[in-house]
There are 2 protein chains.
Amino acid sequence: MLTKEELIEFCKEARESYLDHISIDCVVFGFHEGQMKVLLLKNKDEEKWYLPGGFVLKPEPIEMAANRILKERTGLDEIFLQQFHVFGDPDRSKVHNDMYADMLPPEENWFSNRFLTIGYYALVDFFEVTPQPDRFSEVCAWRDMEDMPELQLDHGLIFKSALDTLRVQLNYQPIGYNLMPKEFTMPELQKLYETILDKKLDRRNFQRRILGFGILNRAEQPRKGGAHKAPYLYSFDLEGYKHALTEGFKGGW
Amino acid sequence: MLTKEELIEFCKEARESYLDHISIDCVVFGFHEGQMKVLLLKNKDEEKWYLPGGFVLKPEPIEMAANRILKERTGLDEIFLQQFHVFGDPDRSKVHNDMYADMLPPEENWFSNRFLTIGYYALVDFFEVTPQPDRFSEVCAWRDMEDMPELQLDHGLIFKSALDTLRVQLNYQPIGYNLMPKEFTMPELQKLYETILDKKLDRRNFQRRILGFGILNRAEQPRKGGAHKAPYLYSFDLEGYKHALTEGFKGGW
DNA sequence: TACAATTGTGTATTTAGTACACAATTGTAA
DNA sequence: TTACAATTGTGTACTAAATACACAATTGTA
């Protein structure tokens with residue numbers, strides 16, 4: 001939460017630097033301990049969480065803006081990022097507007113503007129991320145997808161839309177390279193798919209299909225030390241993976 | 001092309017009415033005589049064509065803006081419209097900016113602003129459309145997709161991107177209801193698919209597959225009067241069609 | 001050393017996709 | 001009137017992909 005002075009300072013700075021009416025919101029997916037995670041922010045004295053987001057600098061390509069915003073929140077560069085939808089309902093920022101409405105009159109308040117927000121989703125390696133709050137929040141943290149808190153504004157809708165998009169993408173693009181560590185076992189990868197889809201898959205059929213895509217390499221040695229039978233380790237074959245990313249899996253018509 | 005006075009008038013009006021930095025561009029697909037058509041606009045004294053587009057009114061949802069813009073260009077209401085991408089390169093409007101740069105200094109010229117454009121594609125019944133030029137053009141006409149003229153700005157990219165999206169959509173959504181007349185024959189529908197995909201399909205397999213979707217009704221009587229064997233007439237089963245639109249064809253995982 | 005948990009692997013069945021050929025209808029030209 | 005070209009309707013065999021399902025091997029623990 002900004003103080004009035006900070007708000008005034010920010011509005012001045014925003015008007016100079018950023019494009020009016022445009023924001024970016026990102027749904028950042030991670031995967032940890034068999035759970036899908038989403039990176040969220042929160043104000044100490046508020047209940048609702050919100051998505052990492054920001055604005056577009058006047059001379060900045062929007063892709064670059066999304067990358068910059070996520071670098072600030074995660075510490076990561078070169079994130080897998082995909083634009084998926086623009087949310088442009090004039091009512092969508094009503095609540096946000098109200099939030100600072102008592103501090104500044106609308107004509108001085110940058111947040112009183114109408115904003116269209118461009119939705120991006122990101123897939124990142126959970127362990128590589130160092131969550132960093134932004135200047136409006138005190139908390140930036142991974143939240144469990146099974147246990148999503150209530151979100152501000154239309155961020156619930158944006159999240160749902162991102163998840164739907166991810167589920168569709170799963171059908172004709174490889175997913176996993178950005179979410180899994182370098183080496184992983186087949187059951188671990190399967191768990192990722194099951195978690196995204198919220199659906200059990202057959203172990204044997206999953207393995208056959210995913211190997212059929214030709215995007216995995218199996219290490220010589222299985223993972224040792226754990227309980228039970230030692231599973232083989234796999235890693236993504238970057239060449240095959242990138243080929244599959246551009247070509248897609250299915251022929252269709 | 002606007003005169004200087006018209007440009008000044010328009011800039012004043014635009015600043016009052018429209019959101020800054022945002023535009024909408026539409027790729028309108030039609031189908032006629034076995035050819036895919038795209039609705040384009042042109043200035044009399046210019047070579048390059050451009051996509052029907054416009055701006056978003058300050059209190060207007062973006063979907064509604066896209067509909068309004070297309071109603072002005074086609075006369076049609078309730079068009080099948082789908083947002084597919086935002087084009088946000090800061091250089092994308094360079095050429096446009098230059099176009100009016102000799103008339104007005106940048107600070108007065110609405111077109112000198114940076115614009116992000118939201119791309120929509122539309123599928124419409126060719127016969128229902130009455131092409132209407134906008135205030136910047138003298139020509140609004142269907143152009144053959146086989147014989148696309150050069151387009152202004154990044155409109156070539158936007159068009160290509162829309163076509164790619166349409167081709168992907170074809171794999172998991174029914175297409176045709178918005179492009180075909182009420183009744184049509186199987187070969188006519190096949191021609192639509194072949195034209196979109198730019199690829200020959202097997203008659204028998206096409207029929208089996210498309211009928212398998214359960215989105216078509218066959219009329220009792222075949223079409224009479226033409227040369228050759230009288231083909232059956234089909235129409236879309238609206239219920240099945242809408243179900244397929246929301247559910248999609250393929251299970252995937 | 002038996003057991004529970006987990007992993008690796010194979011096969012039969014069903015479904016979807018592909019390839020391909022012949023018979024029927026209709027107008028036109030001989 | 002009749003052969004012909006063009007087009008439509010229909011079915012079957014083959015292949016590939018998806019699904020359903022079961023048993024053997026490994027490892028730590030009781």
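Below, chain A is the first sequence line, B the second, and so on; all start at residue 1. All values below were derived from every heavy atom in this structure, side-chain atoms included, with hydrogens, water molecules and symmetry-related copies excluded.
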Go through the structure and list residues passing side-chain contact (heavy atoms from CB on, under 4.5 Å) with [X], not counting sequence neighbours.
X	value
N217(B)	S235(B), D237(B)
N178(A)	F80(A), L123(A), Y241(A)
D77(A)	K71(A)
K42(A)	W49(A), V139(A)

Where at least one partner belongs to residues 164-186 of chain B, residue pairs that pass salt bridge (charged side-chain N to carboxylate O under 4.0 Å, His left out), sequence neighbours excluded: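 Checked against salt bridge (charged side-chain N to carboxylate O under 4.0 Å, His left out) - neighbours excluded - the pairs reaching residues 164-186 of chain B are K160(B)-D164(B).
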
I need the [atom1]-[atom2] distance between [X] and [N], as an integer number of Å.
X	N	atom1	atom2	result
L211(B)	dG17(C)	CG	P	14 Å
D202(B)	dA13(D)	CG	P	17 Å
F213(B)	dA16(C)	CZ	C1'	11 Å
L233(B)	dG9(D)	CG	C1'	14 Å
N205(B)	dT12(D)	CG	P	15 Å
L189(A)	dG8(C)	CG	C1'	16 Å
K199(A)	dA18(D)	NZ	P	13 Å
L216(A)	dG8(C)	CG	P	13 Å

For F184(A), check ring pair (Phe, Tyr, Trp, His ring centres under 6.0 Å) against everything at least two apart and list the hits.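 Per chain and number, F184(A) pairs via ring pair (Phe, Tyr, Trp, His ring centres under 6.0 Å) with F236(A).
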
Run F87(A) and S161(A) through side-chain contact (heavy atoms from CB on, under 4.5 Å) and show every step you take. CA-CA 10 Å; F87(A) 298 84; S161(A) 174; 3.8 Å; yes

Do any side-chain nitrogens or oxygens of R208(A) fall under 4.0 Å of OP1 or OP2 in dA20(D)?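 For dA20(D), OP1/OP2 do not have a side-chain N/O of R208(A) under 4.0 Å.
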
Is R218(B) touching bases, backbone alone, or none of the nucleic acid, heavy atoms closer than 4.0 Å?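 Touches sugar-phosphate only.
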
Applying the Watson-Crick and G-U criteria (both distances under 3.5 angstrom) with [ ] for crossing and | for other-strand pairs, one obtains for DNA chain D ||||||||||||||||||||||||||||||

What N/O pairs connect the protein and nucleotides 2-7 of chain C at under 3.5 Å? Give each pair on its own line.
unit_1 : atom_1 : unit_2  : atom_2 : d
dA5(C) : N3     : H228(A) : ND1    : 3.1

Hey, which of L81(A), L39(A), V28(A) is the one that makes side-chain contact (heavy atoms from CB on, under 4.5 Å) with V124(A)?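 It is V28(A), the one option of L81(A), L39(A), V28(A) that forms the side-chain contact (heavy atoms from CB on, under 4.5 Å) with V124(A).
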
So, does the side chain of R204(A) form a donor-acceptor pair with the base of dA18(D) at under 3.5 Å?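 Between dA18(D) and R204(A), which were checked side chain against base, a qualifying N/O pair under 3.5 Å is absent.
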
Any side-chain hydrogen bond (donor to acceptor under 3.5 Å, both in side chains) pairs touching residues 122-134 of chain B, not counting sequence neighbours?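 Residue pairs passing side-chain hydrogen bond (donor to acceptor under 3.5 Å, both in side chains), neighbours aside: Y50(B)-D134(B), D134(B)-S137(B).
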
